[in-house]
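Shown next, in structure tokens, is the structure this report addresses.
Just so you know, ligand 1 is whichever comes first in the structure, and atom 1 is the first atom listed for that ligand. Note that this is a predicted model, so its numbers are computed, not measured.
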Amino acid sequence: MVSQSRHLNEKINIAIDGPAGAGKSTVARMVAKALSYVYVDTGAMYRAVTWVMLKSGISPEDEQQVLQTAQNLVIDLIPSEEGQKVLVDGKEVTREIRSLEVSSQVSRYAQIEGLRSLMVTLQRQMALRKGVVMDGRDIGTTVLPDAEVKVFMTADAAERARRRYLELKDTTNVSLEQLERDITERDRLDAGREISPLRQADDATLLDTTQMSIEEVAEAIVSMCRLYGMERSKG
Ligand code: C5P
């Protein structure tokens, strides 16, 4: 278990970015728990929108239609004992948004500028009261450039595919090779897009987690937060 934190009387925001499958969401959830903060999985928001578009037959090329539909959606991220629940217009889609189909299409919708503005506005609102651990691709660079602690988490692509595989193997029959292809392709699209590409913010701390356990990574981030709190209380 990650140790509980002292020295953080005033709440801060924590931004965790990085490529697909680096373990960001697991770590972000652990950090949020250790600090009694709120976890916001921004990838789940893009996935929820993608799920709706695929279901409604709206292609990413039809930007007008994507925007019009997305504007009217209500996306809720609800913390629960089994992890975060994702609801679209009141319907739970927690499992559906993790499907290979959504995973393979999400980066195409996430390139749409208007959709990103919509998501960024919602995400900033969620972080207004501080005490948020937010993970994604553009949190440190675009969504919360003033976040007090910023981390860019990476790991080798093969290791990232292995981690995703362990997560999914009991519920889907996806192969390791397929996951590695999916992850590499998503990274290519996410890092290559024009608007808010996946990039390490200049003031983010790089954590290469290839050789680290998930607990070690979470502990490292909680320590950074504690250090920040200590520095701040010194004035
Ligand atoms: O984090 P996750 O892998 O679930 O994210 C799914 C996809 O959503 C990413 O591959 C990316 O295309 C998009 N995304 C994004 N910006 C974010 C979070 C996710 O573009 N802040």
Side-chain angles (χ1 to χ4, degrees), residues 13-29 31-32 39-54 60 63 66 70 73 75 77 83-86 88 93-127 132-145 147 150-155 157 159-161 163-165 167-168 172 174 178-201 204 209:
N13 282 333
I14 303 162
I16 304 180
D17 289 299
K24 299 184 298 293
S25 38
T26 311
V27 164
R29 204 175 304 123
V31 172
Y39 165 51
V40 179
D41 175 356
T42 64
M45 299 170 72
Y46 288 95
R47 285 173 179 274
V49 169
T50 301
W51 178 81
V52 171
M53 299 305 153
L54 293 174
E63 296 194 6
V66 170
L73 295 176
I75 300 172
L77 305 178
Q84 179 193 248
K85 283 188 181 167
V86 182
V88 179
V93 293
T94 314
R95 275 166 71 96
E96 287 85 342
I97 64 165
R98 304 285 155 197
S99 71
L100 259 192
E101 198 195 0
V102 169
S103 297
S104 68
Q105 295 301 314
V106 58
S107 297
R108 300 181 62 209
Y109 292 94
Q111 290 181 346
I112 301 172
E113 186 173 9
L115 179 62
R116 298 205 69 83
S117 314
L118 198 66
M119 295 292 120
V120 169
T121 304
L122 290 174
Q123 291 153 6
R124 285 187 180 147
Q125 279 165 4
M126 294 176 182
V132 159
V133 185
M134 195 175 277
D135 82 332
R137 303 294 186 287
D138 59 343
I139 312 305
T141 53
T142 306
V143 181
L144 303 176
K150 295 185 189 180
V151 176
F152 193 83
M153 258 181 81
T154 64
E159 173 60 16
R160 289 189 278 125
R163 289 178 189 172
R164 241 321 124 81
Y165 179 72
E167 241 173 60
L168 294 177
T172 56
V174 63
Q178 196 172 6
L179 280 176
E180 194 164 348
R181 273 199 303 277
D182 169 62
I183 280 178
T184 312
E185 176 60 6
R186 268 203 292 146
D187 289 350
R188 190 183 69 76
L189 289 174
D190 292 343
R193 72 178 168 228
E194 230 168 275
I195 319 292
S196 305
L198 166 67
R199 185 173 70 72
Q200 181 182 344
T209 69

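- Side-chain contact between Leu115 and Val49: present, with at least one pair of heavy atoms (C-beta onward) separated by less than 4.5 Å.
- Taking any N or O of Arg116, backbone or side chain, at least one lies under 3.5 Å from an N or O belonging to ligand 1.
- In terms of N/O distances under 3.5 Å, ligand 1 is not approached by Asp41.
- Proximity of Pro19 to Leu198: side-chain heavy atoms (C-beta onward) are separated by under 4.5 Å at one or more points.
- Close contacts of ligand 1 with Asp190, meaning ligand atoms under 4.0 Å from a residue heavy atom, involve 9 (C), 10 (O), 11 (C), 12 (O).
- For the ligand labelled ligand 1, residue Arg193 lies inside the 4.0 Å heavy-atom shell.
- Comparing Ala110, Gly43, Ala15, Ser107 by heavy-atom distance to atom 5 (O) of ligand 1, the nearest is Gly43.
- Under the 3.5 Å distance criterion, with hydrogens and angles disregarded, a donor-acceptor pair is assigned to the side chains of Asp190 and Ser107.
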Carefully, step by step, assess Met53 and Arg108 under the rule side chain to side chain contact (heavy atoms under 4.5 Å, CB included). CA-CA 11 Å; Met53 299 305 153; Arg108 300 181 62 209; over 6 Å; no

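- Ion pairing between Arg163 and Glu167 fails under the 4.0 Å rule for side-chain N and carboxylate O.
- Closest to atom 21 (N) of ligand 1 among all protein heavy atoms lies Asp138 OD1, 2.8 Å.
- Scanning for side chain to side chain donor-acceptor pair (under 3.5 Å) contacts around Ser103 gives Arg47, with sequence neighbours left out.
- Closest to atom 17 (C) of ligand 1 by heavy atom, among Arg137, Met45, Gln123, is Arg137.
- Shown here is Glu185, whose CD atom has more than 12 heavy atoms of other residues, nucleotides or ligands within 6.0 Å.
- In terms of protein heavy atoms, atom 14 (N) of ligand 1 is closest to Tyr46 CD1, 3.7 Å.
- Counting only non-hydrogen atoms, the option in Glu185, Arg98, Arg164, Arg186 that gets closest to atom 6 (C) of ligand 1 is Arg186.
- The only option from Arg199, Arg137, Arg160 that meets the salt bridge (Lys or Arg N to Asp or Glu O under 4.0 Å) definition with Asp187 turns out to be Arg160.
- From the protein, the heavy atom lying nearest to atom 18 (C) of ligand 1 is Thr42 OG1, 3.3 Å.
- For ligand 1, the atoms sitting less than 4.0 Å from at least one non-hydrogen atom of Val106 are 6 (C), 7 (C), 8 (O), numbered in the order shown with element in parentheses.
- Remark: minimum distance from atom 4 (O) of ligand 1 to any protein heavy atom is reached at Arg47 NE, 2.7 Å.
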